[in-house]
Amino acid sequence: MDHFLFDLDGTLLPMKQEEFVRYYLPLLAARFQDRGFSPEQLIGAVWKGFERMVANDGSRTNEEVFWDSFSKDLSIRREEVETEVLDFYGNDFNQAICTTRPDPFAAEIIRYLKEKGKKVYLATNPVFPRCATMNRIRWAGLDAEDFEEITTYETCRYSKPSVGYFQEILERNHLKPERCLMVGNDRREDLAAGELGVKTYLVTQCVEHDEEPGRADYEGADLEQLYQDLKELV
């Protein structure tokens, strides 16, 4: 295999998604209280936008889908609040690092693959703006420059677990699925890449949707085991 696609949240950046979301969404809601929105209203609008990005049919970017939903749900214009939202994700959002558990093996894994001449891609669910994803990359102790592509809501027209999301990555980068490995922690979202012929590796330390029937080609308990397993796979 020559191309390695990595999920971020719960994989290269160990965390429990529920704890992370429960912590950061109230911080975002607090930024909008002076506009008359209750935390419940704001958080509800964010979740609706997320659901619509997950259901995106490819006709628009996830960014366009989110803002159409969010602005209509709160009866506000995008241009009224977008600057404040992006400022939050660029700054206050960083407080949420306390809900993650950065692992030094993440950087070791990327370094090892790069030394072997392999290419790596950050296949994180593209439901965040780029500035938020760049911050989470830093939380993980990684360098954004190491990735051939970083998927964000500005550039993607599908979300996990749609196979369209993985197809976009393959097509944009001219990749053959049989030469790729997708590494993630979510049986539903990440193993969907297998439907296209991409090999999959499940990191179970922070596994999500473990009740799903999806089977990975390879499986490991944590990033340290993944690091060791890659020495056999590369």
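Please read all numbers here as calculations on a predicted model, not as lab measurements. For reference, positions follow the sequence shown, starting with 1.
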Neighbour count above 12 (heavy atom, 6.0 Å) for Glu232 CD
no

Using the rule given for salt bridge (charged side-chain N to carboxylate O under 4.0 Å, His left out), can you reason through Glu51 versus Lys48, listing the C-alpha separation, both sets of side-chain angles and the distance that settles it, and then say yes or no?
CA-CA 5 Å; Glu51 291 167 359; Lys48 285 183 182 177; over 6 Å; no

So that I can tick it off, tell me whether Glu18 and Lys16 are bridged by a salt bridge, with the cut-off set at under 4.0 angstrom between side-chain N and carboxylate O.
no

With a 4.0 Å cut-off on N to O distance, would you call Arg22 and Glu19 a salt bridge?
no

Give a yes or no answer on whether the side chain of Thr152 reaches the backbone of Pro129 with a donor-acceptor pair at less than 3.5 Å.
no

Looking at Arg188 and Glu208, is any side-chain nitrogen of the basic one under 4.0 Å from a carboxylate oxygen of the acidic one?
no

Evaluate the criterion salt bridge (charged side-chain N to carboxylate O under 4.0 Å, His left out) for residue pair Glu178 and Lys176; output intermediate values, then yes/no.
CA-CA 6 Å; Glu178 64 272 16; Lys176 295 180 179 179; 5.2 Å; no

N/O donor-acceptor pair under 3.5 Å between Asn56 side chain and Arg157 backbone:
yes

Do the side chains of Asn62 and Ser159 get nearer than 4.5 Å, heavy atoms only?
yes

With a 4.5 Å limit on heavy-atom distance, are the side chains of Trp139 and Arg136 in contact?
yes

Look at the aromatic rings of Phe128 and Phe93 and report parallel, tilted or perpendicular, splitting at 30° and 60°.
tilted

Check: Glu64 side chain, Thr61 main-chain N or O, donor-acceptor pair, under 3.5 Å
yes

Strictly distance-based, threshold 3.5 Å: is any side-chain N or O of Thr200 a donor or acceptor partner for the main-chain N or O of Asp217?
yes

Using a 4.5 Å cut-off on heavy atoms from C-beta on, say whether the side chain of Val234 contacts that of Tyr112.
yes

Please check if the distance between the ring centroids of Phe70 and Trp47 is under 6.0 Å.
no

Is a donor on one side and an acceptor on the other found under 3.5 Å between the side chain of Glu189 and the backbone of Asp186?
no

Does any N or O in the side chain of Asn125 come within less than 3.5 Å of the main-chain N or O of Val127, such that one atom is a donor and the other an acceptor?
no

Step by step, would you call Arg111 with Glu108 a salt bridge (charged side-chain N to carboxylate O under 4.0 Å, His left out)?
CA-CA 5 Å; Arg111 179 193 58 78; Glu108 285 297 308; 2.6 Å; yes

Are any non-hydrogen side-chain atoms of Cys156 and Arg172 less than 4.5 angstrom apart?
yes

Does the side chain of Tyr89 reach to within under 4.5 Å of the side chain of Cys131, using non-hydrogen atoms?
yes

State, yes or no, whether a side-chain contact exists between Glu148 and Val120 at a heavy-atom distance under 4.5 Å.
no

Is the backbone of Leu226 close enough, under 3.5 Å, to the side chain of Lys231 for a donor and an acceptor to pair up by distance?
no

Are Asp2 and Lys119 ion-paired here, with the side-chain N under 4.0 Å from a carboxylate O?
no

Whether Arg187 and Asp210 form a salt bridge (side-chain N of Lys/Arg under 4.0 Å from carboxylate O of Asp/Glu) is what I want to check.
yes

Can you see whether Tyr153 has Arg130 sitting over its ring - NZ or CZ less than 6.0 Å from the centre and within 45° of the normal?
no

Criterion salt bridge (charged side-chain N to carboxylate O under 4.0 Å, His left out) on Arg78 and Asp68, from CA distance to verdict
CA-CA 8 Å; Arg78 173 177 176 176; Asp68 179 63; over 6 Å; no

Asn185 side chain vs Cys206 backbone, donor-acceptor pair below 3.5 Å
yes

Phe6 side chain near Ile110 side chain, heavy-atom distance below 4.5 Å:
yes

Would you mind reporting whether Glu149 and Leu122 have side-chain heavy atoms less than 4.5 Å apart?
no

Would you check if the side chain of Thr204 reaches a backbone N or O of Val207 as a donor-acceptor pair within less than 3.5 Å?
no

Joint cluster assignment, Phe50 & Tyr165, ILVMFWY side-chain distance < 4.5 Å
no

Run the side chain to side chain contact (heavy atoms under 4.5 Å, CB included) test on Thr151 and Tyr121 for me, step by step, so that the C-alpha distance in whole Å, both residues' side-chain angles and the decisive distance to 0.1 Å come before the verdict.
CA-CA 8 Å; Thr151 56; Tyr121 307 77; over 6 Å; no

Has Thr11 got a side-chain atom pairing as donor or acceptor with Leu8's backbone, closer than 3.5 angstrom?
no

